[in-house]
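One-based numbering along the sequence shown. Since the model is a prediction, treat every value here as computed from it, not as a measurement. Numbering of ligands and ligand atoms starts at 1, following listing order.
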Amino acid sequence: MKPPAGACAAAASGPLTGTVEASPDKSISHRALILAGLAAGESRIANLLESADVMATARAVGALGAQVERSNADWRVIGPGRWMSPDARLDLGNSGTGVRLLMGAAARFDMTATFTGDASLSRRPMGRVIEPLTRMGARFEAVDGDRLPATLHGSAALRGIDYTPPVASAQVKSAVLLAGLGAQGETIVREPRATRDHTETMARLFGADLDVERAGESLVARVRGDRPLTPVDIAVPGDPSSAAFPVAAALISPGSDIAVRGVMTNPARVGLFETLREMGADIALTPAEARSGEATADLAVRFGALRGVDVPPGRAPAMIDEYPILAVLAAFAEGTTRMTGLAELRAKESDRLAGTAALLRANGVAVELLDDGLIVHGRGPEGVPGGGRVETHQDHRLAMAGLVMGLGAQEPVIADDVAMIATSYPGFFDDMGALGARIAPVD
Ligand SMILES: O=C(O)C1=C[C@@H](OP(=O)(O)O)[C@@H](O)[C@H](O)C1
Ligand SMILES: C=C(OP(=O)(O)O)C(=O)O
């Protein structure tokens, strides 16, 4: 079943049981399409995530000159070697990753493209990629220099830069590195706190002259722009950010015992699972087959009591999209959970700090909203009342977090609009249904 339009309610469903395959990773899927589009010749992508965000990137890569098509279960991308000005605006819908990575990848061609998105994406900051790409030699016209619609005038004479992003952002790092693939000289990105390194790993698979140096929490990536990319076949691993929802549902539904297979375990993505183990969760990982340079594991998850924890702020990049669902889990835990260092959450599909606090309050959970975080007062054995209507603000992660909360709460929880779930996890309703969760449309 595709995510329905409109509101849905989730109610306590008894023990969740069974096994689901992890949904394909969204970050890896965007990168596979973009890098395959940059490589001259045919690449194939297995297990591509066919979500609204990724399909918007597929259409954009096609409009920039690549041939992009589904071929049986796989996707086939034939890169033209050089991107061209598209005939129409590139509409990236709800996708920050799509628009920011494409701006970087397109910046090194003599071409012009205008990027647009939906109401949510049009509120999000683009200056963070426009600024370094402008320093490399591209030109942009954007609303207030920072918002969509934004027009890029690329340049075949981009220059490498040595850049330290002012925010921890894999999208910013990736935009600069993708531009650096075609820039003169060396492009360096220095991250005081490493973010997900999928662009670095995958660019090397496509033959990029790129290396990564790590020291403690920091990462320095260097790419030299004189080597053309060569096509390869990519297999997309499972998405830990999507797997978080069935895992959380099992942890709060008494008696549950489920498995999620093939979840990517890149250390830059598994901060939630680390935190959940500290909270006392019963999650066992069995290593599974690596996919395109990314490790994976099968997860076995059993219901059990959770306790509140302090989440180290330094862990934020490794679980940046998982805080709404962590806050829901913290509501079921005994004791207080503090999560800080999260100002970036205000610049996502919605203000996720405010939205998560509202989600909890609407369902009878006490929460303190900080400038850069949340303090959740767990209900423990008293249980979470539920019964609230969650405002999702075009934000898929708030919608899924609200519905999962309903599975463990005393009264059903309604999410006001679940359509956006299709942007990242189109199989959410099927997977949750297969595990026994009761989630259904309401008026
Ligand atoms: O690079 C990526 O694929 C992503 C990076 C993160 O964004 P930021 O780079 O803005 O932190 C994350 O929130 C997003 O869902 C995917
Ligand atoms: C922030 C997210 O995605 P994006 O930035 O690609 O819109 C997300 O998926 O939670």
Quiz item: Quick one: does ligand 1 sit under 4.0 Å from the side chain of Lys26, the backbone, both or neither, non-hydrogen atoms only?
Solution: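 Side chain only.
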Exercise. Just let me know how Lys348 lines up against ligand 1, side chain, backbone, both or neither, with a heavy-atom cut-off below 4.0 Å.
Key: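 It is the side chain that gets close, since no backbone atom is under 4.0 Å.
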What protein heavy atom is closest to [atom], reported as residue, atom name and distance in Å?
atom	result
atom 6 (O) of ligand 2	Thr97 OG1, 2.5 Å
atom 16 (C) of ligand 1	Thr97 OG1, 3.3 Å
atom 15 (O) of ligand 1	Asp321 OD2, 2.5 Å
atom 1 (O) of ligand 1	Arg31 NH2, 2.6 Å
atom 4 (C) of ligand 1	Gln171 NE2, 3.6 Å
atom 1 (C) of ligand 2	Glu349 OE1, 3.0 Å

So which bit of [X] gets within less than 4.0 Å of ligand 2, heavy atoms only: side chain, backbone, both or neither?
X	answer
Glu344	neither
Glu322	neither
Asn94	backbone

So, 4.0 Å and heavy atoms of [X]: is ligand 2 close enough to count as a contact?
X	value
Arg352	yes
His30	no
Ser424	no

Self-check item: Carboxylate-amine/guanidinium contact Glu42 Arg44, below 4.0 Å
Solution: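 Salt bridge flag = yes for Arg44 with Glu42.
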Quiz item: Does Gly98, backbone or side chain, put an N or O under 3.5 Å from an N or O of ligand 2?
Solution: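 No.
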Close-contact set for ligand 2 against [X] heavy atoms, below 4.0 Å:
X	answer
Gln171	4 (P), 5 (O), 6 (O)
His396	8 (C), 9 (O), 10 (O)
Arg397	8 (C), 9 (O), 10 (O)

Quiz item: Any N or O of Leu101 that comes nearer than 3.5 Å to an N or O of ligand 1?
Solution: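 Min N/O separation from ligand 1 is not below 3.5 Å for Leu101.
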Quiz prompt | Any N or O of Arg397 closer than 3.5 Å to N or O of ligand 1 | solution =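 Min N/O separation from ligand 1 is not below 3.5 Å for Arg397.
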Quiz item: Near Ala170, which atoms of ligand 1 are under 4.0 Å from a heavy atom of that residue?
Solution: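 Once the distances to Ala170 are compared, the set is 1 (O), 9 (O).
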Exercise. Could you list the atoms of ligand 1 found under 4.0 angstrom from a heavy atom of Ser169?
Key: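 The list of qualifying atoms is 8 (P), 9 (O), 10 (O), 11 (O).
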Quiz item: Between CG of Leu272 and CD1 of Ile283, what distance do you get to the nearest 0.5 Å?
Solution: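 The CD1 atom of Ile283 is 7.0 Å from CG of Leu272, to the nearest 0.5 Å.
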